[in-house]
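Structure first, commentary second.
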Amino acid sequence: MALVGMLRRPKPTDSEADLLREQEQFLTSGVPSAANVVRRPDKRRGEAGGGGGLTGSSAGSQKDVVTIDDLPDQLPSLTPAPPKKSRFKASRVTFEDEDAEERLDRHDTHISAVLSKIVERDTSSTPISLPAFTGMAFPKVMHHSETSSQVHKSIFARQIAAQRLKEGKVPLQFAPETARTLRPGEQNLPPDVRMDTDQTDFYSLCVLEPPSVSGPRLVSGHGLGGPGSSRDTMRIHMENQAKIQEMSQSEILEEQKKLLSQLDPRLVEFVRSHKAQSILSSDSASRHPEGKSSKENFPLEGVIRESDSSEVDLLVKPKKEWVHMDKLEPEKLKWMRDLPAPRKKDTKKAMQARFDFSGSLIPPTEDLPTHLGLHHHGEEPERAGYSLQELFLLSRSQVIQQRSLALSTLANILSKARAGEFTSVLKGNVMATLLDAGLLFLLRFALDDSVEGVMSAAAHALKALLVCTEDEECLDYTFSWFHGLASFPLLPSAPEEEDEEDEELDESMKQTAKEKEERKSDHDVARQDVVKGLLKIKLLPRLRYILEVIRPSPRVVQDILDILIRIARHSSASAIQVLGCPRLMETVMSEFLPTSWTAPASPLPHSVYGFPLANAMKFLRVLATSGRHACARLLNSLGVRERLSCLLGAEPPELLLEPAEALRITTEAYRFWAVAAGYGQACNLYIDLYSALMKALQSVHQAVNPSDPFLSLQLQRVLALLSLLTQVTHTAGCHQELQAGMVSSQGEECLPPPEVSWGHVTGLQASLVGHLKGFVKSLDNPVERDCSLALIPAYLVYLEAYYRQLTKQNCFKPVDTLQELEQLTSEVLFPLFSHHVVQSLMKNLRSSSVVCNVQSGHQDPETTPNLPGLVCAGWRDRPGLVVPSSPFPLLTGLGLLVQTITGIHKGLSCKFTGLLLSEPVIGYLRSCSQASPTVSHNRAWLLRHEHHLLYLLLQLACKLVPVEPEIARYASLYHQVALVLLPWLLPGSEYLTHELLCTILFNKDFISEGHSGGPEAVELGELKLHEGTPHHPSPSLQTVGALLREACVQLPSIRGCFLTHLAHLESSVLVSQDALLGRNPWINSHLLPELTGPILPSDWSFLPLISLYERAGVSEGGGLAVKELPQGALQVVTHCLQWLLLLEVWREEALKVIPPVAKLARLSCVFLSSSDLFLERPVQKLTWGLFRLLTRHSRLDSLDLNIPPPGLASFQDLYSSLLAQYEAVSFGDQLFGCWVLLPLQRRYSATMRLAVFGEHVGMLRSLGVTLEQLSIPLKRFTSPPEDSLPLLRLYFRSLVTGTLKHCWCPVLYVVALSHVNSFVFSQDAAAQEVEAARHSMLRKVYYLTDEVLRNHLLLFHLPQQHSELGFDMYEQLPPIRAKRLESVLRLQDSNDCKGD
């Protein structure tokens, strides 16, 4: 027992000698071991279970089983990690309903594909030998380990090697044992075993020279029992050798290709992979002559040699005294070699991207040291870094550090991808690639990890995927701008896929959007919308659990709050889900927005729990933006009102917080309060905290001290305070209106008046005007200039709100107000505008514009359709709307105030003519009139602010054009800008759309051509155009000049027509009006409507025509949907055509966004809407004028009917409807006829000409448009010659049968004559069928009995549009044509003689 006490366990510091000595002591002690070796019974041999040791020689062939005391029956649970998946399973395509037997039969290649001819051996004289009797019941089983001394690789290792060879890569590891090639004569192995060991047999059939071996290598003779087996084997081998000797190299290659085509490709790939291993062995190297490469000996595939030595040079030599080191593993020891140098060649080609741990891309030629930890045992071990595939694999590792490292690296890669660092160096979109690979679900699973480090890394990666910090900074920066607290929901703009099953169902039976959403899988939802996918896979409850139970580090808390902010920005529905998540909001309020706290022990505390966080208040503010009900719930149910009083009742230094964090959280508190005041809520706090607000206002000049280290935070706090006062002023201005409404409601339900009234805010104006004067004066000080430029716009926006609401109050005194406005203009506004700093700032208008710089030089950061963003990365480093050098916030604030005060004091308008006449503004407006901006999430939020400035400039011009001649000179420019701005306006700006339609677009003062000789100039142009033509169009048609003159007179009626057709936008206009005019109690949400595109389409000028066609046009059955037009339809169509004519003549640039084919398609509604609308005289005049404008020489080339018009599948479908309508109701109308003839030009598709001469040939009887009435040159119909044989046959048939006559359809008669004549006399080489058709037509023409038609067809020379017939004729056939005719007739006569 004493000896037992002396025994001890081995320690890590023990040497080999210590271990051997302790082992000897243990054996001599006789103490029973902790583990017993027992024999597992072999049930296949009928052995019974039981104990017992191992005896005799059987010990070498039996297996040992080690048992340990107190070992549980079940395995312990491992760290939860996603299960590993086979890397080869993805390449096997299987289906759930596929039968395994059928799949096996399909992939199993029959033996006949290998052995095409089998000759049976003659065994008639072979003696039959009976099997020898043995004492065993069954023959001994042949084990693989007994028949081969070769150590085979596992199936997985073979698959890895085969895959690498398939990709053209060198296998990573080769064992010397498997590299040695065995010959079949060395061992008597079964054929299936030899298939794995002798890899050269298959290639012996394919080499160009016979192998230098004396014995057979393919035919072993195994299985040919009897004494003559070796002789038969040798005979077959000699026959094969003789056959190969007789064949040439080309025959060998041909047989090789034939053999490969018969074999299963996977079998070939398998043999090739084994052959590659044999080449790398020393035995195969000695088998081939020196000087000949493996490529010469094996023409099927070149294989790269890694080493010619048969042994691996090991850095560590084994020693006998090492325990358990008697067997070496060269494949593992091989990794101890030095890494090869990175490839220097082929680096210009596309290579796999590799990243370091910071997410930076590593160049493929960079040789980094190994101590950085970027080299690993994966593919391309010489290259440092990790590929995306390897990071995904590493993130599912069971090692905690590896999972955390992979997720952190993915987070860094996502951050850099959002910043646009990979757009110029990588092919494809990194974010889209990661999302398609399943990153979203990977991160969601990692959030469930029980290890806090892995969970933290997953939260950081999810934040990097969803949130762009610079996007949030830009939104915060523009919060104090006009209407800056509103924002678009970040919903994907890509339309969702329509369900094919619902297309054939009635509307009542179709599934709702919610039912479709619930039916979709998580993957499908995430593929369309990342945020919806996260909500569907229960992200919110998990985030709540992390915040409430795990209580992670400060960085993780900030990441989770950023994620929640992004989810709340997605949509109002997402914000409602966040508010409805159990205990989430309570956790945020209690832990990160407490009502009381103690001062932190250090500037960077280890935990943020129990302290107010600015990000938490911002999260509440974004939630409040989604709707007034959410804001009321936050204020009243969740206790935000008390938090606002706590945070804003004291100065930032008194909040017991770190100074920067105190400024941030008070800024966010002001912003939340401004959002609430934007609904007319939380206004009682204004009364409670009035003294604190006045104290904050009085210290504004002290707060914006240029030497303050927190100057930027102080500026944001002051701007948030001004935004709050602006919203409170708007709300107070509505108090009187709501109070009067409550009195007159007589008990009916109505909105209650807010707690704050006009008397509470009227004292703010004087103080803020004093601040503004001081900041204007400080523009002369270079030190204070930047601060002043940042704050002045917010003061201007506040003054606009004050004076807008002042005019609605009972206390409004017009005389005093007019004097006050004159003083404000002379002392503040005019000095501000004329200041050299502002004038210099205005020069940046075009460079800062989003509209004028659609294709800017910088590359946009990466975004994906299912995860839209604002794409503001790097916004500080490039010109733009948001940078400090941008004049847009200042000019927008100035324009707002000018619009309001000039509405009160009309005489002040002339003071601001310099603004519109300044060179930067004129140049900016000219650039905008020619721009074509695109609408997307990354531009819409900025475009909205620029649209505000453009609208304000146009409204100022509307007041000055009638009274200022200098401004009137640019009236057409302002009108052009208004026309291009209208289809740009985005959802939420419906009120601006309505105002532009009412004030500028149809204002005759802005169409200066109408009253300055414009119509007369058009008439003179028409006269000059037709001076050289002997025939004029129909004299009964009024000229375009007269039509324009009439259109200018009818402008008020035209405006009423369009406003009537846009009446469906009335509710949206009212909502937009409330938001833009500051009617806060009526606002339901500061979240703008979903961004599906502009409010009006680019072809809004055609809306009355399209609306009429949809109500009364051609139905699916072919007839008209209604028998009579709606009342007033003629007037509507007339006004619409007048407006279109005016735009085509004087505002052609505004219609350039509409393709000419779209204009033609929209105007076709005139003919398709009714059976007689086009016959009305006003419609006839205007449509003729538009047709002549569309068919001018300069316009015809741009009219491409081969592209589908917007909204239509193809123009051919529309043309078929036009032809049917023409046959039914045209009555030979010449205008309709010209419309039908236009698409029959030679350069357009022959399908439309085939439709006329095939399906609608009857219309040729009434298509009586003369050549003089056709404004299109005739050569466009006749040149080049027709090459469609079916169409030429139809032309010829219509002429010969009399369906097409010159008196009925002169235009197409000339066209058909020209093409048939050119075809029959053409001597160009053609196919036999075409040549036979030429001969047949020419013979038929020659034998025609109609002499007139015969002469026309034979003697046709050239089309001549202004001649009597429309073409010139030869007096007699030219010699070459006469010879052609004679040869055709002679050929016919010879054929007739042969027939006789």
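The analysis underlying the following values was restricted to heavy atoms, covering all of them including side chains, and did not include hydrogens, waters or symmetry mates.
Atom CD of Gln739 sits about 12.5 Å away from atom CG of Leu751, to the nearest 0.5 Å. Distance check: Ser699 OG to Leu721 CG gives 8.5 Å after rounding to the nearest 0.5 Å. Leu440 contributes atom CG, which lies 9.0 Å from atom CG of Leu867 (distance to the nearest 0.5 angstrom). One distance of note links CG of Leu1091 with OG of Ser487; it measures 11.5 Å at 0.5 Å rounding. Distance NE2/His771 to NE2/His701: 5.0 Å, rounded to 0.5 Å. To the nearest 0.5 angstrom, Leu466 atom CG is 9.5 Å from Leu414 atom CG.
We find that Glu591 and Arg551 are joined by a salt bridge, their nearest charged nitrogen and carboxylate oxygen being less than 4.0 Å apart. Salt-bridge formation is not detected for the pair Glu586/Arg544: no Lys NZ or Arg NE/NH1/NH2 atom is positioned less than 4.0 Å from an Asp or Glu carboxylate oxygen. Between Arg566 and Glu472 there is no salt bridge, since none of the side-chain N atoms of the basic residue sits less than 4.0 Å from a carboxylate O of the acidic one.
In plain terms, the two heavy atoms of Leu648 and Thr666 that are nearest each other are CD2-O, 3.8 Å. Here the shortest heavy-atom pairing between Cys683 and Glu755 reads CB-OE1, 3.9 Å. The minimum heavy-atom distance between Ala461 and Ala411, with the atom names listed, is CA-CB, 3.5 Å.
There is no side-chain donor-acceptor pair under 3.5 Å between Gln805 and Arg1079. His629 and Asn1084 share no side-chain donor-acceptor pair at under 3.5 Å. A side-chain donor from one of Ser574 and Ser571 sits under 3.5 Å from a side-chain acceptor of the other.
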Checklist entry - Which is it for His945 and Phe482 under the ring-ring contact (aromatic ring centres under 6.0 Å, His included) test, yes or no, and what are the steps along the way? => result CA-CA 8 Å; His945 293 292; Phe482 172 66; 8.6 Å; no

Item to check | Residue pair Phe611, Phe592: steps toward the ring-ring contact (aromatic ring centres under 6.0 Å, His included) verdict | outcome: CA-CA 6 Å; Phe611 296 101; Phe592 310 118; over 10 Å; no

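In this structure, Arg621 satisfies the cation-pi test against Phe479, with its NZ or CZ atom closer than 6.0 Å to the six-membered ring centre and inside 45 degrees of the ring normal.
Counting only heavy atoms from C-beta outward, the side chains of Arg671 and Asp476 approach each other to under 4.5 Å. For the pair Leu634/Arg641, no side-chain contact is recorded, criterion being any heavy-atom separation below 4.5 Å from C-beta on. Residues Leu435 and Thr864 form a side-chain contact, since some pair of their non-hydrogen atoms from C-beta on lies under 4.5 Å apart. Between Arg944 and His483, some side-chain heavy-atom pair lies under the 4.5 Å cut-off. By the 4.5 Å heavy-atom criterion applied to side chains, Thr731 and Val761 are not counted as neighbours. Taking 4.5 Å as the limit, some side-chain heavy atom of Glu784 sits within range of a side-chain heavy atom of Pro706. You'll find the side chain of Leu407 stays beyond 4.5 Å of the side chain of His460, heavy atoms only. Contact check for Phe672 versus Val640: side-chain heavy atoms found under the 4.5 Å cut-off.
Listed for the Thr762 side chain is no donor-acceptor partner under 3.5 Å among the backbone atoms of Trp758. Side-chain N or O atoms of Asp559 include none that pairs as donor or acceptor with a backbone N or O of Ala459 at under 3.5 Å. Using modelled atom types, one side-chain atom of Tyr609 and one backbone atom of Leu547 make a donor-acceptor pair closer than 3.5 Å. When atom types are taken as modelled, the side chain of Trp597 and the backbone of Leu655 share a donor-acceptor pair closer than 3.5 angstrom. A donor-acceptor pair is defined here as one N or O able to donate and one able to accept, closer than 3.5 Å; no such pair exists between the side chain of Arg569 and the backbone of Pro489. In this structure, Glu658 contributes its side chain and Glu661 its backbone to a donor-acceptor pair below 3.5 Å. A donor-acceptor contact shorter than 3.5 Å links the side chain of Asn412 to the backbone of Ser408. Judged by distance alone, the side chain of Ser626 and the main-chain N or O of Leu623 form a donor-acceptor pair under 3.5 Å. In this structure, the side chain of Gln681 engages the main chain of Arg628 through a donor-acceptor pair within 3.5 Å.
The only option from Ile546, Val454, Ile537 that meets the side chain to side chain contact (heavy atoms under 4.5 Å, CB included) definition with Leu447 turns out to be Ile546. Among Arg444, Arg542, Arg403, the single residue meeting the salt bridge (charged side-chain N to carboxylate O under 4.0 Å, His left out) criterion with Asp449 is Arg403.
Ring orientation note: the planes of Trp673 and Tyr670 are close to parallel, at an angle under 30° on the 30°/60° scale. Relative orientation of the Tyr795 and Phe775 rings is tilted, given thresholds of 30° and 60° on the angle between their planes.
Separation of the Tyr679 and Trp1082 ring centroids does not fall under the 6.0 Å cut-off.
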